[in-house]
**Q** 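Below is the structure I would like to discuss, written out as structure tokens.
As the structure is a prediction and not an experimental result, all values here were calculated from the model.
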Amino acid sequence: MTASQKSLTHVKVTVELFGNARLLAGRRYVSVRLAGNCGLGDVAGAVGRDCPALVGTVVREDQRGFLDSYTVNLNGVKFVGEGLHQSLKDGDSLLVFSSQAGG
């Protein structure tokens, strides 16, 4: 598969919300369709479009990323940083939770 074909490939991923994000969205999961090779900003934009209540509270106002107080994890295994492009597969799960949560 060429690079241009890969950029046209779309995948369906589940974004699981925790804590305040879940309360604000009124649900636990958001299913989004994204380019297979996308950035965290693309994920945030899709979540913001699907759950407008998260814009300005979890997702940045410009919808190009998550607020600094939130952390994203891929499949419970790997933390995903801002600006990192990640190859996603159908069925992947992104976990969004406050990085300021205590324990």
Side-chain angles (χ1 to χ4, degrees):
M1 180 180 302
T2 68
S4 62
Q5 288 172 320
K6 182 155 179 110
S7 66
L8 296 176
T9 303
H10 285 78
V11 296
K12 184 176 178 184
V13 300
T14 300
V15 179
E16 186 172 1
L17 306 170
F18 291 88
N20 197 45
R22 184 181 294 178
L23 293 173
L24 290 167
R27 57 187 161 155
R28 183 176 182 172
Y29 300 104
V30 178
S31 291
V32 296
R33 194 154 187 77
L34 302 162
N37 186 18
C38 69
L40 199 51
D42 300 312
V43 174
V47 169
R49 285 187 296 278
D50 197 78
C51 294
L54 299 181
V55 177
T57 56
V58 177
V59 174
R60 293 188 341 214
E61 288 287 342
D62 64 7
Q63 296 188 35
R64 293 185 177 180
F66 291 93
L67 294 177
D68 290 341
S69 58
Y70 283 85
T71 301
V72 179
N73 184 283
L74 177 61
N75 296 322
V77 176
K78 175 181 174 183
F79 288 96
V80 182
E82 195 73 34
L84 176 69
H85 272 65
Q86 182 67 48
S87 291
L88 297 173
K89 301 181 301 285
D90 268 327
D92 275 346
S93 181
L94 294 163
L95 314 172
V96 177
F97 53 94
S98 173
S99 57
Q100 298 175 351

**Q** Quick one: does L17's side chain get under 4.5 Å of V58's, heavy atoms only?
**A** no
**Q** Indicate if L74 and V47 have the same hydrophobic cluster label, given that clusters are the connected sets of ILVMFWY residues with side-chain heavy-atom separations under 4.5 angstrom.
**A** yes
**Q** Mind checking whether Y70 and N20 have side chains closer than 4.5 Å, heavy atoms only?
**A** yes
**Q** Working to the nearest 0.5 angstrom, can you tell me the gap between N75 CG and E16 CD?
**A** 11.0 Å
**Q** Are F18 and L23 linked, directly or through intermediate hydrophobic residues, by side-chain heavy-atom contacts shorter than 4.5 Å (ILVMFWY only)?
**A** no
**Q** What are the two closest heavy atoms between D92 and L88, and how far apart are they?
**A** OD2-CA, 3.4 Å
**Q** Taking all non-hydrogen atoms of both residues, which atom of D62 and which atom of G65 are closest, and how far apart?
**A** OD1-N, 4.4 Å
**Q** When rounded to the nearest 0.5 angstrom, what is the spacing between OG1 in T9 and CG in L34?
**A** 12.5 Å
**Q** Hey, quick one: are V96 and L24 part of the same hydrophobic cluster, counting side-chain heavy atoms closer than 4.5 Å, chains of contacts allowed?
**A** yes
**Q** Testing the basics here: between V43 and C38, what is the closest heavy-atom pair and its distance to 0.1 Å?
**A** CG2-SG, 4.1 Å
**Q** Same cluster or not: are L40 and V55 linked, directly or through other Ile, Leu, Val, Met, Phe, Trp or Tyr residues, by side-chain heavy atoms under 4.5 angstrom apart?
**A** no
**Q** Ignoring hydrogens, what is the shortest heavy-atom contact between N73 and V77? Give both atom names and the distance.
**A** OD1-N, 3.0 Å
**Q** Which atom names give the shortest non-hydrogen contact between K12 and S31, and what distance separates them?
**A** CE-CB, 3.8 Å
**Q** Between R27 and C51, which heavy-atom pair has the shortest distance, and what is it?
**A** NH2-SG, 2.9 Å
**Q** If you measure from CZ on F66 to OG on S99, what distance do you get to the nearest 0.5 Å?
**A** 12.5 Å
